[in-house]
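Report on one structure; see the data block that follows.
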Amino acid sequence: IPGYGDSPPVEMAVTAQGRRAFLDHVLQKLGMQRPVLISPSMSGRFALPFLLAHGDQLAGFVPIAPVGTKDYTAEQYRRVQTPTLILYGDRDTRLAPQALQNLQHLPEHRVAVLSGAGHACYLDKPEDFHQALLGFLRQLK
């Protein structure tokens, strides 16, 4: 994620509109058509603005306790028709409940909870994570 960790800051990543445009640019440069966007934690700052503006360009969306879910209204989420798998670990008691409370307004969602996993549930329970993800991917058109 630009500007996080040791990565250099990117001027356009300062605003939600800029982060949405940045992600759109990356997907275009990669030539991706109707990808499934997987968004763990801090990447929510990029994925959520993109989802709300361009969700129709995605085949699916997999938020994993992303940050920034409270920045949008239930009505904004209700307009998104992108198939979504809300995924989190049951030991993530801080960010996951907040994300679920907000993301459950997405009309085409389902939820997968990984037992015994924390915030980075894909690292804590990789087999369970991949099983849930592959099950979701198989159901996409």
Side-chain angles (χ1 to χ4, degrees), residues 1-115 117-141:
I1 300 174
Y4 294 96
D6 293 331
S7 66
V10 174
E11 185 65 33
M12 71 188 312
V14 174
T15 66
Q17 182 178 356
R19 290 187 296 270
R20 182 190 76 221
F22 178 82
L23 183 54
D24 189 36
H25 178 75
V26 168
L27 294 176
Q28 285 182 23
K29 283 291 185 188
L30 293 173
M32 303 194 80
Q33 296 181 8
R34 296 195 36 83
V36 173
L37 184 58
I38 300 174
S39 177
S41 198
M42 290 300 290
S43 68
R45 293 270 184 229
F46 290 79
L48 291 170
F50 186 87
L51 174 74
L52 293 172
H54 303 296
D56 59 333
Q57 295 178 21
L58 299 172
F61 179 56
V62 183
I64 306 166
V67 301
T69 61
K70 66 182 184 297
D71 296 344
Y72 305 98
T73 66
E75 184 55 39
Q76 286 175 293
Y77 287 120
R78 284 188 195 105
R79 289 188 215 125
V80 176
Q81 296 300 312
T82 308
T84 300
L85 174 64
I86 301 169
L87 188 57
Y88 64 94
D90 67 354
R91 291 189 179 168
D92 183 357
T93 57
R94 190 180 67 79
L95 196 52
Q98 180 185 88
L100 177 61
Q101 181 181 4
N102 295 303
L103 295 172
Q104 69 184 350
H105 297 290
L106 293 166
E108 298 296 323
H109 84 273
R110 70 166 120 147
V111 178
V113 182
L114 302 187
S115 180
H119 183 62
C121 62
Y122 42 88
L123 296 177
D124 294 342
K125 298 285 185 167
E127 289 181 22
D128 294 344
F129 169 78
H130 287 105
Q131 186 175 12
L133 180 59
L134 289 172
F136 174 70
L137 295 176
R138 284 186 195 106
Q139 291 199 354
L140 297 177
K141 297 176 181 105

Other residues, nucleotides, ligands: >12 heavy atoms within 6.0 Å of Q81 CD | yes
For F61, enumerate each residue passing the ring-ring contact (aromatic ring centres under 6.0 Å, His included) test, keeping only those at least two apart in sequence or located in another chain.
-> none
Nearest heavy-atom pair of H109 and V111: which atoms, and what distance?
-> CD2-CG2, 3.8 Å
So Y72 and Y77, would you call those rings parallel, tilted or perpendicular, with 30° and 60° as cut-offs?
-> perpendicular
Step-by-step side chain to side chain contact (heavy atoms under 4.5 Å, CB included) determination, L106 to T82 = CA-CA 8 Å; L106 293 166; T82 308; over 6 Å; no
Please table the atom pairs, donor to acceptor, closer than 3.5 Å between any side-chain atom in residues 51-58 and protein atoms at least two apart or in another chain.
unit_1: H54; atom_1: ND1; unit_2: Q57; atom_2: NE2; d: 3.4

Residues 119-129, side-chain donor-acceptor partners within the protein, below 3.5 Å, at least two apart:
unit_1: H119; atom_1: ND1; unit_2: D92; atom_2: OD2; d: 2.6
unit_1: H119; atom_1: NE2; unit_2: S41; atom_2: OG; d: 2.8
unit_1: D124; atom_1: OD2; unit_2: G118; atom_2: N; d: 2.6

Heavy atoms only: give me the nearest L87-A132 pair and the separation to one decimal.
-> CD1-CB, 4.1 Å
Residues A16 and P49: closest non-hydrogen pair is O-CB, 3.6 Å
Residues which pass side chain to side chain donor-acceptor pair (under 3.5 Å) with H130, listed by chain and number, not counting sequence neighbours = none
Rounded distance (nearest 0.5 Å) linking atom CG of L95 with atom OG1 of T69 | 7.0 Å
Considering non-hydrogen atoms only, spot the tightest contact between N102 and H105 and give its length.
-> O-CD2, 3.2 Å
Contact check, side chains of T84 and L103, non-hydrogen atoms, under 4.5 Å = no
Residues forming a side chain to side chain donor-acceptor pair (under 3.5 Å) with Q139, sequence neighbours excluded = R110
What distance separates Q131 CD from L114 CG, expressed to the nearest 0.5 Å?
-> 9.5 Å
Between Q28 and D24, is any side-chain donor less than 3.5 angstrom from a side-chain acceptor?
-> yes
Nearest heavy-atom pair of P40 and I38: which atoms, and what distance?
-> CD-O, 3.5 Å
Please report the shortest heavy-atom distance between L48 and V67, naming the atom on each side.
-> CD1-O, 3.5 Å
Looking at CG of L37 and OG of S43, how far apart are the two atoms once the value is rounded to the nearest 0.5 Å?
-> 7.0 Å
Set of side chain to side chain donor-acceptor pair (under 3.5 Å) partners for R91, sequence neighbours left out | none
